[in-house]
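Whatever order the structure lists ligands and atoms in, that order sets their numbers, starting from 1. The shown structure was predicted, so the numbers you read here are calculated from the model rather than taken from an experiment. Residues: numbered from 1 along the sequence shown.
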Amino acid sequence: MVWGCFCWSGVGLLWKVSGNLKTNSYIDILENALIPSVDLHSLHSDWTFQQDNAPCHKSKGTKQWFGEQKIEVMNWPAQSPDLNPIENLWDHISLRIQEKSPSNHSKLWNAILSTWDSIDINRLHTLIESCRKDVKP
Ligand SMILES: *[C@@H]1O[C@H](CO)[C@@H](O)[C@H](O)[C@H]1NC(C)=O
């Protein structure tokens, strides 16, 4: 599995995930990939984190971590993983990977990375705009 994030100014770091995601492993990802991504794009206090309602995203320990980091988390409608804008990027990557049909893990990872790094910024803008429209009351 792969974890990634993006914002208006571009994609963040990609992180390889092995095994089931539990609170502790999710917090590891946030520390190792979300925080450096926030730094990479020089986000200061004027941003909100969006994630879907997977159990490890909503656990007590994870909520506490966001609180300690002073990261604002967007309320996300229940039962709507498909609305999560990053799903669009995973679909895009999955299609590109199928075209390349990498023959081993290291080629697969490289193909994921190069697809991720070449994502068009306009795609990100469209996803963020559509998310605003969906989520606003
Ligand atoms: C993956 O395949 C490439 C090219 O076929 C090869 O150079 C590389 O050593 C392989 N990597 C592994 C981990 O088998």
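Near Ser106, with a cut-off below 4.0 Å to any heavy atom, the atoms of ligand 1 are 11 (N).
By the 4.0 Å heavy-atom criterion, Ser103 is excluded from the residues contacting ligand 1.
At the shortest separation from atom 14 (O) of ligand 1 among protein heavy atoms lies Asn104 ND2, 3.4 Å. Among all non-hydrogen protein atoms, the one lying nearest atom 5 (O) of ligand 1 is Lys107 NZ, 3.2 Å.
Less than 4.0 angstrom separates atom 7 (O) of ligand 1 from none of the non-hydrogen atoms of the protein.
For an aromatic pair to be called close, the ring centres must be under 6.0 Å apart, and Trp116 with Trp90 satisfies this.
Side-chain atoms of Glu31 and Trp65 include a donor-acceptor pair closer than 3.5 Å. With no hydrogens or angles considered, no side-chain donor-acceptor pair links Asn84 and Gln51 at under 3.5 Å.
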Worksheet item: So Leu30 and Phe66, side-chain contact (heavy atoms from CB on, under 4.5 Å) or not? Walk me through it.
Response: CA-CA 9 Å; Leu30 297 173; Phe66 281 117; 3.7 Å; yes

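By the criterion of a heavy-atom distance under 4.0 Å, neither the backbone nor the side chain of His105 is placed next to ligand 1.
Counting non-hydrogen atoms of neighbouring residues, nucleotides and ligands closer than 6.0 angstrom, the NZ atom of Lys100 exceeds 12 such neighbours.
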